[in-house]
S.K.: 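Input: one structure, supplied below.
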Amino acid sequence: MRIIKQIIAVAMCLLLQCPVKVQAADGEPVISADAAILIEASTGRVIWEKNADERRYPASMTKMMTGVLALENLSGSTDVLISRAAAETESVPMGLNAGELMPAEEVLNGMLMLSDNGAAVALAEHIGGSLESFAEMMNAKAKKLGMENTHFVNPNGLTHPDHYSTARDMAKLARYAMQNEKFREIVIQEKRPLRWSLPKNRMMMAENTNELLGKYEGITGIKTGWTEAAGGCLAASAKRGGMEIIAIVMHSTTPKDRFADARKLLDYGFEHTRLVRGVNKERFERTSWVKNGREAKVGLHLAEEIDFPLIDQEEKKNYRVVYEIEPILTAPVKKGQKAGKAKLLYKGEQVGEVDILADKNVGQGSDILSWLVGVFEPIIRRIG
């Protein structure tokens, strides 16, 4: 009996010393990151989350916001001056020097691919005039995007107690950024040469810090992040079969763990989610009345298809589409003019929205029926 007890004791010690692979009982992903979220990109619907509303340092995922503001406020050919402050910023893999000039597009590529902190400072100074003013722009944009638990202090994500975000907010930012085609083109690149305007002959080859590029099926981006305080951070996206998924991980244990964590989340998303067509653009038939125009009606169309994600055994009946259409438009009406929106609801909660647009131009005129639309406008609006 004593020998048996000794064998059991030794076995227990060995078990305690050996690493054990842990799996969630219900098949959910087990990750090292202590905050994460997984969403379907077209609707923003959450597939899986972990501490998604707890504040964390976002590290260089911050540069997604800097990149968005650069694309929305700068021409790519505009030369950006590298200031002394930019050149002396911590972690500048582009080797920027004070007094150099680079086209904004090159600075932007270097910032997003190499995660160059000085490049972010140079863009912020050029756009906002100062880092403080640019931070105000960042926070205003964050508010507009519904990032309720985010506050930015700098353009690069270097650690500051008042610079924070959440996995959920980072997912909102990543989803918005990936709707910009130029942004998508940058973050999917594995390598790209960067060229300076001054000195004229200077160039370097930038290699993306996102190790999933070229190594994960369907990978489309997005942005890495790492500091001692933030741990491993990563916004990763992948597209398969017409469905794109975005994963955010924050505070992974090591720089390598952030990629392993994102892989697990993306795998989980593709295994448990499918995209279903909700409304076909070609089958959408609606009109709006036009007052004071050459015609009394104008056809409408959806800006894009309405698709929705189903998770595991969910049924299509949980979704419905609600149309909010402006019943009367005032001439002149321009082709592509917004005339309403189609809202995608899941169990009564909105998870997506698509604009409804006018099919053609309708100029001002004196069509009798269009004139009557103006006369009876209150009645028409009342009956919808």
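Both backbone and side-chain heavy atoms feed into the values below; hydrogens, waters and symmetry mates do not. On a predicted model such as this, the values are computed, not experimentally measured, just so you know.
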S.K.: Can you tell me which residue pairs pass the salt bridge (charged side-chain N to carboxylate O under 4.0 Å, His left out) test with a partner in residues 125-141, sequence neighbours excluded?
M.R.: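 Found Glu72-Lys141.
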S.K.: Name all residues meeting the side chain to side chain donor-acceptor pair (under 3.5 Å) criterion together with Asn361; count only those two or more places apart in sequence or in a different chain, and write none if there are none.
M.R.: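 Result, side chain to side chain donor-acceptor pair (under 3.5 Å) vs Asn361: none returned.
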S.K.: Under the 3.5 angstrom rule, does the side chain of Thr78 hit a backbone N or O of Ala104 as a donor-acceptor pair?
M.R.: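 Checking the backbone N and O of Ala104 against the side chain of Thr78, no donor-acceptor pair under 3.5 Å is found.
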S.K.: Please check this pair: side chain of Thr62 against backbone of Ala59, looking for a donor-acceptor N/O pair closer than 3.5 Å.
M.R.: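 Yes.
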S.K.: Any heavy-atom pair between the side chains of Arg168 and Met147 that's under 4.5 Å?
M.R.: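 Heavy-atom side-chain distance check fails, nothing below 4.5 Å.
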S.K.: Considering only distance and modelled atom types, tabulate donor-acceptor pairs under 3.5 Å from the side chains of residues 105-118, sequence neighbours left out.
M.R.:
from, atom 1, to, atom 2, distance (Å)
Glu105, OE2, Lys182, NZ, 2.9
Glu106, OE1, Arg195, N, 2.7
Glu106, OE2, Arg192, NH2, 2.4
Asn109, OD1, Gln189, NE2, 2.8
Asn109, ND2, Glu105, O, 2.7
Ser115, OG, Ser60, OG, 3.1
Ser115, OG, Lys63, NZ, 3.1
Ser115, OG, Lys223, NZ, 2.8
Asp116, OD1, Gly118, N, 2.9
Asp116, OD1, Ala119, N, 2.8
Asp116, OD2, Met94, N, 2.8
Asn117, OD1, Lys63, NZ, 2.7
Asn117, ND2, Glu90, O, 2.9

S.K.: Report yes or no: does Thr273 contribute a side-chain atom to a donor-acceptor pair with the main-chain N or O of Phe270 at less than 3.5 Å?
M.R.: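 Checked: no pair found.
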S.K.: Apply side-chain contact (heavy atoms from CB on, under 4.5 Å) to Met102 and Val80, showing your working.
M.R.: CA-CA 5 Å; Met102 290 187 77; Val80 173; 5.5 Å; no
S.K.: Does Ser370 reach the main-chain N or O of Gly293 with its side chain, forming a donor-acceptor pair under 3.5 Å?
M.R.: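 Here the side-chain-to-backbone pair exists.
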S.K.: Counting N and O atoms only, with roles assigned by atom type, does the side chain of Ser288 sit under 3.5 Å from a partner on the main chain of Glu326, one being a donor and the other an acceptor?
M.R.: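 Here the side-chain-to-backbone pair exists.
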S.K.: Going by heavy atoms in the side chains, are Lys50 and Ile37 under 4.5 Å from each other?
M.R.: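 The answer is no, as the side chains (C-beta and beyond) never meet within the 4.5 Å cut-off.
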S.K.: Going hydrophobic residue to hydrophobic residue with side-chain gaps under 4.5 angstrom, can you get from Ile246 over to Ile186?
M.R.: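 Yes: a chain of side-chain contacts under 4.5 Å links Ile246 to Ile186.
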S.K.: Apply the hydrophobic cluster definition, ILVMFWY joined by side-chain contacts under 4.5 Å directly or through others, and give me every member besides Leu81.
M.R.: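 Grouped by the 4.5 Å side-chain rule, Leu101, Leu198 form the rest of the cluster around Leu81.
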S.K.: Under 4.5 Å between side-chain heavy atoms, hopping through other hydrophobics if needed: is there a path connecting Met65 to Val249?
M.R.: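 Each belongs to a different hydrophobic cluster.
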S.K.: Which residues end up grouped with Val322 if you chain together Ile, Leu, Val, Met, Phe, Trp and Tyr wherever their side-chain heavy atoms are less than 4.5 Å apart?
M.R.: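 Listed partners: Leu345.
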S.K.: Decide salt bridge (charged side-chain N to carboxylate O under 4.0 Å, His left out) for Arg184 and Glu244; before the verdict, give the C-alpha distance in whole Å, the side-chain angles of both, and the deciding distance to 0.1 Å.
M.R.: CA-CA 13 Å; Arg184 293 181 70 91; Glu244 188 164 41; 3.0 Å; yes
S.K.: Please report the C-alpha distance between Asn97 and Ile82 in whole Å, then the side-chain angles of each, then the deciding distance to 0.1 Å, and finally whether the side-chain contact (heavy atoms from CB on, under 4.5 Å) criterion is met.
M.R.: CA-CA 7 Å; Asn97 298 304; Ile82 306 303; over 6 Å; no
S.K.: For the residue pair Leu173 and Leu145, establish whether any side-chain heavy-atom pair is separated by less than 4.5 Å.
M.R.: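 The answer is yes; the side chains approach within 4.5 Å.
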S.K.: Can you tell me if Glu148 and Thr150 form a side-chain donor-acceptor pair at under 3.5 Å?
M.R.: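 No, no side-chain donor-acceptor contact under 3.5 Å.
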S.K.: Could you identify which residues cluster with Val321, counting Ile, Leu, Val, Met, Phe, Trp and Tyr as linked when any side-chain heavy atoms lie under 4.5 Å apart, either directly or through a chain of such contacts?
M.R.: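 Same cluster as Val321: Val276, Val279, Phe284, Val290, Val298, Leu300, Leu302, Ile306, Phe308, Leu310, Tyr319, Tyr323, Ile325, Leu329, Val333, Leu344, Tyr346, Val351, Val354, Ile356, Val362.
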S.K.: For Arg202, look at atom CZ and say whether over 12 heavy atoms of other residues, nucleotides or ligands are found less than 6.0 Å away.
M.R.: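 Atom CZ in Arg202 is crowded, with more than 12 foreign heavy atoms closer than 6.0 Å.
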S.K.: Would you kindly confirm whether Leu69 and Phe183 end up in one hydrophobic cluster when ILVMFWY residues are joined by side chain heavy atoms under 4.5 Å apart?
M.R.: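 Linked within one cluster.
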S.K.: Which residues pass the side chain to side chain donor-acceptor pair (under 3.5 Å) test with Trp196, not counting sequence neighbours?
M.R.: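 Only Glu100 meet the side chain to side chain donor-acceptor pair (under 3.5 Å) criterion with Trp196.
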S.K.: Would you mind checking if Lys341 and Asp355 are paired as a salt bridge, meaning a charged N to carboxylate O distance below 4.0 Å?
M.R.: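 Here Asp355 does not pair with Lys341 in a salt bridge, since their nearest N and O are not under 4.0 Å apart.
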S.K.: Would you mind reporting whether Met138 and Phe134 have side-chain heavy atoms less than 4.5 Å apart?
M.R.: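 Yes; the side chains approach each other to less than 4.5 Å.
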S.K.: For Asn139, which residues count as a side-chain contact (heavy atoms from CB on, under 4.5 Å) partner, sequence neighbours excluded?
M.R.: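 side-chain contact (heavy atoms from CB on, under 4.5 Å) list for Asn139, sorted by chain: His151, Phe152.
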S.K.: Looking only at heavy atoms, what is the nearest atom pair of Asp169 and Gly146, with distance?
M.R.: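 Asp169 and Gly146 have their closest heavy atoms at OD1-O, 4.0 Å.
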S.K.: Is the side chain of Lys172 donor-acceptor paired with the backbone N or O of Ala142 at a distance under 3.5 Å, no angle test?
M.R.: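 No: the side chain of Lys172 does not pair with the backbone of Ala142.
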S.K.: Could you tell me whether Glu54 and Arg56 make a salt bridge, using a distance below 4.0 angstrom between a side-chain N and a carboxylate O?
M.R.: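 A salt bridge is present here (some side-chain N lies under 4.0 Å from a carboxylate O).
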S.K.: Is the side chain of Thr66 donor-acceptor paired with the backbone N or O of Pro155 at a distance under 3.5 Å, no angle test?
M.R.: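 A pair under 3.5 Å: yes.
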S.K.: Do the non-hydrogen side-chain atoms of Asn210 and Ile222 ever get within less than 4.5 Å of each other?
M.R.: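 They are not in side-chain contact.
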S.K.: Looking only at side-chain N and O atoms, does Asn149 offer a donor or acceptor that is under 3.5 Å from a partner on Thr166?
M.R.: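 No donor-acceptor contact under 3.5 Å links the two side chains.
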S.K.: Show, in sequence, the C-alpha distance, side-chain angles and deciding distance for His163 and Asn154, and conclude whether the side-chain contact (heavy atoms from CB on, under 4.5 Å) test is met.
M.R.: CA-CA 7 Å; His163 189 102; Asn154 59 59; 3.5 Å; yes
S.K.: Show your working on side chain to side chain donor-acceptor pair (under 3.5 Å) between Asp79 and Ser197 and close with a plain yes or no.
M.R.: CA-CA 7 Å; Asp79 276 334; Ser197 297; 2.7 Å; yes
S.K.: Do the non-hydrogen side-chain atoms of Thr43 and Pro309 ever get within less than 4.5 Å of each other?
M.R.: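 Thr43 vs Pro309: side chains touch.
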S.K.: Between Glu49 (side chain only) and Ala52 (backbone N and O only), is there a donor and an acceptor less than 3.5 Å apart?
M.R.: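 No, the answer is negative, given that no donor and acceptor are paired below the 3.5 Å cut-off.
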S.K.: The criterion is side chain to side chain donor-acceptor pair (under 3.5 Å); which residues satisfy it with Ser366, sequence neighbours excluded?
M.R.: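 Expected list: none.
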S.K.: Check whether Ser133 reaches the backbone of Ser130 with its side chain - one donor and one acceptor, N or O, closer than 3.5 Å.
M.R.: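 Side chain of Ser133 to backbone of Ser130, a donor-acceptor pair under 3.5 Å: no, none is there.
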S.K.: What are the two closest non-hydrogen atoms of Tyr268 and Pro29, and how far apart are they?
M.R.: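 The pair with the smallest heavy-atom distance is CD1-CD, 3.4 Å.
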S.K.: For the hydrophobic clusters of this structure (ILVMFWY residues joined by side-chain heavy atoms under 4.5 Å, transitively), does one cluster hold both Val153 and Leu123?
M.R.: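 Looking at the clustering, Leu123 is in a separate group from Val153.
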S.K.: Going by heavy atoms in the side chains, are Ser77 and Pro103 under 4.5 Å from each other?
M.R.: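 A side-chain contact under 4.5 Å is absent here.
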S.K.: So Trp48 and Ile39, side-chain contact (heavy atoms from CB on, under 4.5 Å) or not? Walk me through it.
M.R.: CA-CA 7 Å; Trp48 186 87; Ile39 68 169; over 6 Å; no
S.K.: For residues Met178 and Tyr176, determine if any side-chain heavy atom of one lies less than 4.5 Å from a side-chain heavy atom of the other.
M.R.: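 They are not in side-chain contact.
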S.K.: With Thr287, which residues qualify under side chain to side chain donor-acceptor pair (under 3.5 Å), at least two apart?
M.R.: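 In terms of side chain to side chain donor-acceptor pair (under 3.5 Å), with neighbours along the sequence ignored, Thr287 is linked to no residue.
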S.K.: Determine which pairs satisfy salt bridge (charged side-chain N to carboxylate O under 4.0 Å, His left out) with at least one residue from residues 289-315, sequence neighbours left out, and list them in order.
M.R.: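 As it turns out, the salt bridge (charged side-chain N to carboxylate O under 4.0 Å, His left out) pairs with a partner in residues 289-315, which skip direct neighbours, are Arg45-Glu314, Arg277-Glu305, Arg277-Asp307, Lys291-Glu377, Glu295-Lys360, Glu315-Lys317.
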S.K.: If Ile, Leu, Val, Met, Phe, Trp and Tyr residues are connected whenever their side-chain heavy atoms lie under 4.5 Å apart, and connections chain through other members, are Leu213 and Trp226 in the same group?
M.R.: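 No: no chain of side-chain contacts under 4.5 Å links Leu213 to Trp226.
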S.K.: What pairs meet the salt bridge (charged side-chain N to carboxylate O under 4.0 Å, His left out) rule with one or both residues in residues 245-274, with sequence neighbours excluded?
M.R.: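 As it turns out, the salt bridge (charged side-chain N to carboxylate O under 4.0 Å, His left out) pairs with a partner in residues 245-274, which skip direct neighbours, are Glu211-Lys256.
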S.K.: Within a reach of under 6.0 Å around NZ of Lys143, are more than 12 heavy atoms found that belong to other residues, nucleotides or ligands?
M.R.: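 No - once you tally the heavy atoms of other residues, nucleotides and ligands closer than 6.0 Å, there are 12 at most.
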